[in-house]
Amino acid sequence: MAEVEAVQLKEEGNRHFQLQDYKAATKSYSQALKLTKDKALLAILYRNRAACGLKTESYVQAASDASRAIDINSSDIKALYRRCQALEHLGKLDQAFKDVQRCATLEPRNQNFQETLRRLNTSIQEKLRVQFSTDLRVQKMFEILLDENSEADKREKAANNLIVLGREEAGAEKIFQNNGVALLLQLLDTKKPELVLAAVRTLSGMCSGHRARATVILHAVRIDRICSLMAVENEEMSLAVCNLLQAIIDSLSGEDKREHRGKEEALVLDTKKDLKQITSHLLDMLVSKKVSGQGRDQALNLLNKNVPRKDLAIHDNSRTIYVVDNGLRKILKVVGQVPDLPSCLPLTDNTRMLASILINKLYDDLRCDPERDHFRKICEEYITGKFDPQDMDKNLNAIQTVSGILQGPFDLGNQLLGLKGVMEMMVALCGSERETDQLVAVEALIHASTKLSRATFIITNGVSLLKQIYKTTKNEKIKIRTLVGLCKLGSAGGTDYGLRQFAEGSTEKLAKQCRKWLCNTSIDTRTRRWAVEGLAYLTLDADVKDDFVQDIPALQAMFELAKASTSDKTILYSVATTLVNCTNSYDVKEVIPELVQLAKFSKQHVPEEHPKDKKDFIDMRVKRLLKAGVISALACMVKADSAILTDQTKELLARWGCSGPRLGTRALIPLALEGTDVGKVKAAHALAKIAAVSNPDIAFPGERVYEVVRPLVSLLDTQRDGLQNYEALLGLTNLSGRSDKLRQKIFKERALPDIENYMFENHDQLRQAATECMCNMVLHKEERFLADGNDRLNIYIYIFFLDDDKVQNAAAGAYIYIYIFFKKLCLKMTQVRLCLHDQLSVQHRGLVIAYNLLAADAELAKKIYIYIYFFFLTVVGKQEPDENIYIYIFFFRECLIKCMDYGL
């Protein structure tokens with residue numbers, strides 16, 4: 001019985017193969033293989049499954065199955081040729097040549113075998129030529145680089161050629177096989193910056209996408225040596241070594257997405273030990289005084305990128321747990337550094353911010369409350385351990401650590417603010433005579449006052465101190481930070497006009513001083529950044545944003561700062577926040593009158609809208625921003641490096657693009673594909689608005705038109721609001737009418753089921769938009785209407801009988817295309833009621849359909865020609881003469897001629 005079932009499964013697989021359903025065919029052959037022991041049948045099943053592997057591009061599996069068939073029957077010519085094809089795709093040309101040579105011996109007259117022989121022979125000769133020439137090139141390059149008497153130009157050229165060669169798979173393998181790693185180590189030993197840099201970049205290329213090579217290079221160079229190279233002051237060198245380490249980590253962790261086979265897979269059994277060693281050395285770099293600020297930044301960047309999970313659906317967060325247990329205190333030490341103290345580690349302007357981001361990512365990557373409690377306890381122990389009444393520097397480090405955590409996981413930072421003595425210490429440091437104490441305290445107060453309750457405490461206890469510092473200090477750094485602290489406290493009520501924290505006019509004075517500092521180009525960029533941050537808080541006040549947009553020099557100064565500071569996360573975020581505030585692009589809760597009345601009755605606070613937040617004022621502010629050149633600044637911001645342009649900044653830019661003037665489509669597409677969920681939806685909606693009303697050839701030139709399809713399809717979701725659904729459908733309708741290639745793209749994004757769902761929405765406009773979109777999509781000749789038991793044609797018939805005239809018009813248009821492209825469906829239609837419709841446009845479509853039905857089949861023509869005469873007698877014959885009716889008369893005449901041709 002098992003043998004009979006195996007034969008049946010083989011036949012079933014053959015049928016699936018003929019229908020091009022290769023996955024189903026593979027499944028049938030695999031099931032059959034488990035049921036039979038007949039060698040002849042086994043050979044057939046293996047070679048058939050190999051054919052499926054070739055069709056699905058699973059070449060490793062295809063070669064394996066063909067080999068099993070050959071093991072049973074060494075003269076199986078089909079299996080030999082299929083293995084030859086698989087091996088050719090895998091790049092094993094010499095083995096493929098042997099198989100096809102065997103095929104040609106068995107069937108000498110087969111032209112296909114002869115042609116394959118010639119092609120493979122040519123490819124092998126070319127590969128050998130390149131291989132030998134590459135060997136000579138590699139040898140020559142190393143000779144030039146290691147010869148101290150070589151000319152500088154020749155050495156530079158050889159170094160660049162070696163780097164390029166290392167990035168190519170064949171070149172990297174040749175360098176590796178020709179003792180290249182040892183020679184590259186000699187270049188590192190020279191300690192000449194240009195040679196060391198060339199060696200590092202070549203090693204980076206050799207590690208990319210190859211786990212075995214990456215493992216050998218890591219052990220040969222040693223992780224401690226790699227880290228010491230990254231610790232240097234030279235920014236270019238530090239970045240190059242960081243890229244080398246990233247390439248090694250990607251290869252060892254499988255991020256290169258490469259399929260490892262055979263010997264290469266056997267060489268690397270377990271990479272976890274190496275990855276843990278790399279992480280441990282990076283954590284040690286954070287607290288070493290021998291490491292430069294640049295090196296510390298690169299170590300933090302590597303930890304940020306590789307430790308937290310990229311997808312929270314992955315259960316394993318062991319790397320994060322390891323870093324929390326073994327490195328959190330080291331990260332906190334970096335966050336708590338005070339640049340003006342003698343004991344401070346070498347830092348850059350971004351070091352503490354990168355450490356705060358790492359703390360935030362680690363905290364977000366924890367899976368449960370016990371893990372978060374453990375994280376919090378480590379932070380609490382570290383901070384409380386720093387408090388020392390006899391040592392003010394330690395207290396300063398403790399407050400700086402809290403300040404850094406507040407810039408990362410804010411909930412955790414708020415819990416730490418509740419520790420005994422923390423808030424009091426901040427206020428006390430403000431009263432210190434030492435400028436360093438004041439600087440740290442003011443920054444800490446700025447970060448602590450984000451929450452309204454904390455801001456209220458500081459307003460009560462610390463505002464007078466901040467004002468005193470602002471008036472008395474001569475240090476510009478302290479002065480502007482104090483100003484930002486006052487700005488943040490003044491904006492603690494948000495957009496609520498009724499929750500002003502300061503007296504009338506105070507926030508406008510603060511904003512005026514911020515604008516003054518912003519326009520002063522003699523002040524350093526870092527100090528001017530604080531002025532932008534102050535405006536980011538104050539522009540929640542409608543009076544402030546109204547004054548700001550009228551100050552064109554201040555606007556232009558902010559835009560120029562954004563263009564010139566695309567390497568600073570804080571400036572980009574602050575500028576984006578200011579623009580969102582000025583145009584009211586933030587989310588506003590809907591005010592329900594009944595709840596307002598209830599709040600008033602219960603004497604609760606009711607949020608008030610500022611008179612200058614009305615639509616007319618917002619439109620005026622937008623025009624002034626455009627006049628000042630906001631679009632060019634935003635375009636520069638969007639082009640910033642992905643590590644600098646954070647997801648939160650992307651969301652803010654997307655909000656501007658959706659509710660304000662349109663960003664360019666080139667800027668919106670990446671915002672719609674990467675970032676926060678809210679940001680992606682906002683950017684996709686902005687694209688939908690453009691696609692719905694613009695000529696796609698102009699709005700999305702070149703290949704960009706294909707990139708916009710996915711964001712639009714993402715809006716076809718019941719979780720999105722009706723306007724987003726509607727404008728996405730209009731955009732897709734516009735795109736699907738341009739070319740079959742675009743229709744194919746929409747089809748591949750699996751949008752058709754969603755479009756069909758919207759054809760049955762209760763909302764008339766959504767239903768009309770979906771039907772019009774489907775009217776264009778039926779031009780894509782995909783046979784989804786012809787499958788057995790398919791009722792899609794009935795869907796359109798049902799839609800036609802809905803009340804809405806526009807929906808009926810669109811459905812009738814879809815009929816026409818269906819009957820043009822799918823002649824078989826004409827047999828399912830035996831009535832042409834569309835001809836009897838009240839609308840002339842629908843009558844026109846009905847006549848076109850009637851003509852298609854008549855032309856499709858003589859028997860069908862006999863069934864429906866009576867409707868044609870009935871149409872003439874009841875509709876055309878009774879209508880008054882009209883120039884618009886002649887087109888219908890023309891089609892009616894064509895229908896009659898067709899009937900006469902059939903002899904009806």
Side-chain angles (χ1 to χ4, degrees), residues 1-93 95-100 102-103 106-107 110 112-113 116 119-120 254 256-266 313 744-745 747-750 752-753 780-784 786-790:
M1 291 295 289
E3 294 293 339
V4 173
E5 190 176 348
V7 173
Q8 290 174 347
L9 283 168
K10 185 200 78 168
E11 297 300 329
E12 180 184 291
N14 292 346
R15 287 194 294 275
H16 285 309
F17 190 90
Q18 289 170 0
L19 294 171
Q20 299 182 0
D21 189 352
Y22 304 118
K23 288 185 179 178
T26 301
K27 186 177 179 182
S28 297
Y29 295 140
S30 299
Q31 289 173 346
L33 283 166
K34 296 175 183 177
L35 298 174
T36 184
K37 293 182 180 179
D38 184 290
K39 288 191 174 182
L41 182 56
L42 282 170
I44 294 170
L45 290 169
Y46 277 126
R47 79 183 183 210
N48 286 1
R49 196 167 72 173
C52 294
L54 290 172
K55 293 292 186 181
T56 57
E57 299 182 2
S58 303
Y59 300 120
V60 176
Q61 185 63 42
S64 175
D65 285 339
S67 295
R68 290 184 181 185
I70 293 164
D71 289 341
I72 297 170
N73 179 7
S74 60
S75 299
D76 190 333
I77 199 163
K78 289 185 178 179
L80 281 165
Y81 189 63
R82 285 168 189 171
R83 187 170 71 176
C84 162
Q85 291 175 297
L87 291 170
E88 183 181 0
H89 281 99
L90 292 171
K92 300 178 179 181
L93 301 183
Q95 296 177 39
F97 185 82
K98 289 178 183 178
D99 280 344
V100 77
R102 174 74 172 147
C103 292
L106 294 170
E107 287 189 15
N110 190 313
N112 195 19
F113 296 159
T116 306
R119 187 181 72 251
L120 285 174
D256 55 2
K257 308 299 182 187
R258 181 188 171 99
E259 183 182 1
H260 299 285
R261 305 183 295 273
K263 294 179 181 178
E264 183 182 329
E265 187 177 27
Q744 177 71 16
K745 176 67 176 173
F747 176 74
K748 284 185 175 180
E749 293 294 338
R750 300 179 181 177
L752 263 62
H780 177 56
K781 300 175 185 177
E782 185 259 329
E783 298 184 356
R784 57 205 308 272
L786 300 178
D788 293 336
N790 193 318

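Fair warning: this is a prediction, and the values are worked out from it, not measured in the lab.
Here the straight-line distance linking atom CG of N48 with atom NZ of K10 works out to 7.5 Å at 0.5 Å rounding. Here the OG atom belonging to S67 is positioned 7.5 Å from the CG atom belonging to D99, to the nearest 0.5 angstrom.
A side-chain donor from one of Q61 and D65 sits under 3.5 Å from a side-chain acceptor of the other. With hydrogens and angles left out, the side-chain atoms of Y29 and N14 include a donor and acceptor closer than 3.5 Å.
In this structure, A62 and A86 approach most closely via the heavy-atom pair CB-CB, 4.0 Å. Residue L120 comes nearest to C84 through the heavy atom pair CD1-SG, 4.0 Å, listed as atom of the first residue, atom of the second, then distance. Pairing each heavy atom of A63 with each of L87, the nearest pair is CB-CD2, 4.5 Å. Among all heavy-atom pairs drawn from T56 and Y22, the shortest one is CG2-CB, 3.7 Å. Here the shortest heavy-atom pairing between G13 and A25 reads O-CB, 3.4 Å. Pairing each heavy atom of C103 with each of F113, the nearest pair is O-CD1, 3.6 Å.
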V4 and Q8: CA distance, side-chain angles, deciding distance, side chain to side chain contact (heavy atoms under 4.5 Å, CB included) verdict: CA-CA 6 Å; V4 173; Q8 290 174 347; 3.9 Å; yes
Steps toward side chain to side chain contact (heavy atoms under 4.5 Å, CB included) verdict (S75, R102): CA-CA 9 Å; S75 299; R102 174 74 172 147; 3.4 Å; yes
Check against salt bridge (charged side-chain N to carboxylate O under 4.0 Å, His left out), E749 and K745: CA-CA 6 Å; E749 293 294 338; K745 176 67 176 173; 3.2 Å; yes
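A 4.5 Å side-chain heavy-atom check between E88 and R119 finds at least one atom pair inside the cut-off. For the pair E11 and R15, the minimum side-chain heavy-atom distance is below 4.5 Å. Residues D71 and Y46 have side chains not in contact (no heavy-atom distance under 4.5 Å, counting atoms from C-beta outward).
No option in K78, R83, R82 other than R83 meets the side-chain contact (heavy atoms from CB on, under 4.5 Å) test with L80.
Ring geometry for Y59 versus H89: interplanar angle under 30°, hence parallel rather than tilted (30 to 60°).
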